Amino acid sequence: SPALEVLDTIEIEPMMVEAARQFRPRVDKVYADPRSRIIIDDARAHFSKTRERYDLIVSEPSNPWVSGVAGLFTTEFYRHISAHLAADGHFVQWLHVYESSPEVTGSILRAFASVFPEYTAYAANQYDILLVARNDRRPPRIDAEALARLPGLGARLQEIGITSPAMLAAHAAGPGRAIQVLAQSFGTPPNSDFF
């Protein structure tokens, strides 16, 4: 996007940054664009040290059942993220649901909704979902036509089979209010640093 000022990529493992170079040219801009900064740090530690506020934060940690990763799917982490979002900023949480129980997924959804009550879920594929929320607690909306007009993004969407705004909209899995009914039915409390 020509409107992008700065893109910070936070990665805890330096070898992942090196390994990702193998996906060039697809990821070339992360390494070559002067607006891009790669920061080697733990996400929680980074946000504890910075006072920056972001318009968009995308969290794509490994699976929540991997040792040490569950802390990036907690009520406390989501509150921490909210404090670093602009007032109208957006937060996107990648959630892997394969090899996860409904109870664990429900617990994460409840944690997410405790901080971002108005959200929409999108099916990335049959194994992963994206949770999208705004920091001002207004329902998020995706303007598919505007996205398709961004330089390069329309072509990228076509590469993965999304050739129209209707096809992008078809990935919507539902509003948070409806999903929370399902998440609460499993009887697990919101995922937290303490549970």
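No experiment lies behind these values; they were computed from the predicted model shown.
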Closest non-hydrogen atom pair, Tyr122 against Ala172: CD2-CA, 3.5 Å

Do Glu52 and Arg37 pass the salt bridge (Lys or Arg N to Asp or Glu O under 4.0 Å) test, and can you show the C-alpha distance, the side-chain angles, and the key distance before you say yes or no? CA-CA 14 Å; Glu52 297 219 28; Arg37 303 183 299 198; 3.5 Å; yes

Determine the interplanar angle of the Tyr54 and His46 rings, folded into 0 to 90°, and report it as parallel if under 30°, tilted if 30 to 60°, perpendicular if over 60°. tilted

Residues forming a salt bridge (Lys or Arg N to Asp or Glu O under 4.0 Å) with Glu18, sequence neighbours excluded: Arg21

Please evaluate residues Val132 and Tyr119 with respect to the criterion side-chain contact (heavy atoms from CB on, under 4.5 Å), reporting the C-alpha separation (whole Å), side-chain torsions for both, the decisive distance (0.1 Å), and the verdict. CA-CA 5 Å; Val132 181; Tyr119 69 91; over 6 Å; no

Relative to each other, are the rings of Phe47 and His84 parallel, tilted or perpendicular (30° and 60° limits)? tilted

Any side-chain heavy atom of Phe91 within less than 4.5 Å of one from Phe112? yes

Could you pull out all residues at least two apart from Asp28 that satisfy side chain to side chain donor-acceptor pair (under 3.5 Å)? Arg24

Applying side-chain contact (heavy atoms from CB on, under 4.5 Å), run through Asp193 and Arg44 and close with a yes or a no. CA-CA 12 Å; Asp193 290 342; Arg44 285 184 91 142; 2.8 Å; yes

More than 12 heavy atoms from other groups under 6.0 Å of OH on Tyr127: no

Asp42 to Ile12 - nearest heavy-atom pair and separation: OD1-CD1, 3.6 Å

Atom CG in Leu182, atom CG in Leu109: separation rounded to 0.5 Å? 8.0 Å

For the backbone of Glu103 and the side chain of Thr188, can you confirm whether one donor and one acceptor N or O come within less than 3.5 Å of each other? yes

What residues, two or more places apart in sequence or in another chain, satisfy salt bridge (Lys or Arg N to Asp or Glu O under 4.0 Å) together with Arg26? Glu159

If I take atom CG from residue Leu157 and atom OG1 from residue Thr163, how far apart are they, to the nearest 0.5 angstrom? 9.5 Å

Find out whether Arg156 and Ile160 are in side-chain contact, i.e. whether some heavy atom of one side chain is under 4.5 Å from a heavy atom of the other. no

side-chain contact (heavy atoms from CB on, under 4.5 Å) assessment of Phe116 paired with Leu131: CA-CA 10 Å; Phe116 302 104; Leu131 307 176; over 6 Å; no

Among the clusters formed by ILVMFWY side chains lying less than 4.5 Å apart, do Phe77 and Val115 turn up in the same one? yes

First locate atom OG of Ser82, then atom CZ of Arg137, and finally report the distance between them rounded to the nearest 0.5 Å. 7.5 Å

Check whether Met16 and Val27 end up in the same hydrophobic cluster, where Ile, Leu, Val, Met, Phe, Trp and Tyr are linked by side-chain heavy atoms less than 4.5 Å apart. no

Partner set under side chain to side chain contact (heavy atoms under 4.5 Å, CB included) for Val30, not counting sequence neighbours: Thr9, Ser36, Ile38

For a quick test of your reading: what N or O donor-acceptor pairs under 3.5 Å do the side chains of residues 55-66 make, sequence neighbours left out?
unit_1, atom_1, unit_2, atom_2, d
Asn63, ND2, Tyr98, OH, 3.1
Trp65, NE1, Glu99, O, 3.3

Side chains of Thr74 and Asn191 only: does a donor on one sit below 3.5 Å from an acceptor on the other? no

Summary of salt bridge (charged side-chain N to carboxylate O under 4.0 Å, His left out) pairs that have at least one residue in residues 164-186, sequence neighbours excluded: Glu118-Arg177

Can you get from Ile129 to Tyr78 by hopping between Ile, Leu, Val, Met, Phe, Trp and Tyr side chains that sit under 4.5 Å apart? yes

Derivation of the side-chain contact (heavy atoms from CB on, under 4.5 Å) call for Leu7 and Arg35: CA-CA 6 Å; Leu7 173 79; Arg35 300 172 295 174; 5.7 Å; no

To the nearest 0.5 Å, what is the distance between CG on Asp136 and CG on Asp88? 6.0 Å

For the NE2 atom of His80 and the CG atom of Leu85, what is their distance to the nearest 0.5 Å? 11.5 Å

Regarding Thr105 and Ser100, do their side chains bring together a donor and an acceptor under 3.5 Å, going by distance alone? yes

Between atom CD of Gln184 and atom CD1 of Ile179, what is the distance when rounded to the nearest 0.5 Å? 12.0 Å

For Asp41 and Lys49, run salt bridge (Lys or Arg N to Asp or Glu O under 4.0 Å): C-alpha distance rounded to whole Å, both residues' side-chain angles, the deciding distance at 0.1 Å, then the answer. CA-CA 10 Å; Asp41 202 353; Lys49 293 182 278 191; 2.6 Å; yes

Would a single hydrophobic cluster contain both Leu168 and Val92, if residues Ile, Leu, Val, Met, Phe, Trp and Tyr are joined by side-chain heavy-atom contacts under 4.5 Å? yes

Answer yes if Leu130 and Met167 sit in the same cluster of Ile, Leu, Val, Met, Phe, Trp and Tyr residues linked by side chain heavy atoms under 4.5 Å apart, and no otherwise. yes

Heavy-atom side-chain proximity of Val17 to Ile40 below 4.5 angstrom: yes

Is the side chain of Arg110 donor-acceptor paired with the backbone N or O of Ala183 at a distance under 3.5 Å, no angle test? no

Closer than 3.5 angstrom, by distance alone: can the side chain of His171 be matched with the main-chain N or O of Ala123 as a donor-acceptor pair? yes

